[in-house]
Amino acid sequence: MKPIAYCLQFMVLAMFIMFTSCDKTDKNGDFDGNWQMIEWRDNATNHILATRYTQRIFYAVKLNILQMREYGKPYDTWHLSYFHCKNDSLYIDKVFHRPFDREETVDSLAVYGCAPEGRYAFIKLTKDDMILRNSLYTLTFRKY
């Protein structure tokens, strides 16, 4: 075969692999990225339970995984959860705890402001700010 034919075959094969490979692109829009909780408010009493000065809680979002972490705790301790979004809501699907990667229930996320049902409503979501509300709390975040 001529070199041009080999080159053409290689290009067709490369394009086939490129278009049929796994889709790992972000689909969460403004929700993707790193978020710092700046206020944690109780819905029933309207009292502020924590701020970014009293607790250092962070959410990180990539693909379909949400990491929740409180800095000041051991460095290698955090929770990872699978999630999905539907309409204006965020749903926690499956939760894992580091460092031992053991599966846990959604109520183990209570230390990060998550209600036992694992559902949040997006009250506000921009590229810079986010407000999540669940049955117990309203959480305000800034992107960093």
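Just so it is clear, the values below take in all heavy atoms, side chains as well, and ignore hydrogens, waters and symmetry mates. All residue numbers in this chain count up from 1 along the given sequence. Since the structure is predicted, the reported quantities are computational estimates derived from the model, not experimental observations.
Met68 is listed as a side-chain neighbour of Leu109, based on a closest heavy-atom distance under 4.5 Å. In this structure, Tyr120 and Leu139 have side chains that are in contact, with non-hydrogen atoms separated by less than 4.5 Å. Looking at Asn28 and Phe83, their side chains come closer than 4.5 Å, going by heavy atoms from C-beta outward. Counting heavy atoms from C-beta on, the side chains of Asp93 and Ser81 never come closer than 4.5 Å. With contacts defined as side-chain heavy-atom distances shorter than 4.5 Å, the pair Asn34/Phe58 does not qualify. Using a 4.5 Å cut-off on side-chain heavy atoms (C-beta onward), Leu132 and Thr138 make no contact. For the pair Trp40/Thr140, no side-chain contact is recorded, criterion being any heavy-atom separation below 4.5 Å from C-beta on. Taking 4.5 Å as the limit, every side-chain heavy atom of Gln55 sits out of range of all side-chain heavy atoms of Met37.
Under a hydrophobic clustering in which Ile, Leu, Val, Met, Phe, Trp and Tyr are joined whenever their side-chain heavy atoms come within less than 4.5 Å, directly or via other members, Val61 and Leu80 fall into different clusters.
Taking the centre of each ring, His79 and Phe96 stay at or above the 6.0 Å mark. No close placement of the Trp35 and Tyr144 rings is indicated, their centers lying 6.0 Å or farther apart.
At least one donor-acceptor pair under 3.5 Å links the side chain of Asn134 to the backbone N or O of Leu136.
Residue-environment remark: NE2 (His84) exceeds the threshold of 12 foreign heavy atoms within 6.0 Å.
Ion pairing between a basic and an acidic side chain is recognised when a charged N comes within 4.0 Å of a carboxylate O; Arg41 and Glu39 show such pairing.
Just one of Asp42, Ile48, Asn43 meets the side chain to side chain contact (heavy atoms under 4.5 Å, CB included) condition when paired with Thr45; it is Asp42.
Applying the salt bridge (Lys or Arg N to Asp or Glu O under 4.0 Å) test to pairs two or more places apart or on separate chains, none has a residue in residues 133-144.
Using bins of under 30°, 30° to 60° and over 60° for the plane-to-plane angle, the ring pair Phe141/Tyr59 lands in the tilted bin.
Heavy atoms only, all atoms of each residue included: Phe122 and Cys85 are closest at CE1-SG, 4.0 Å.
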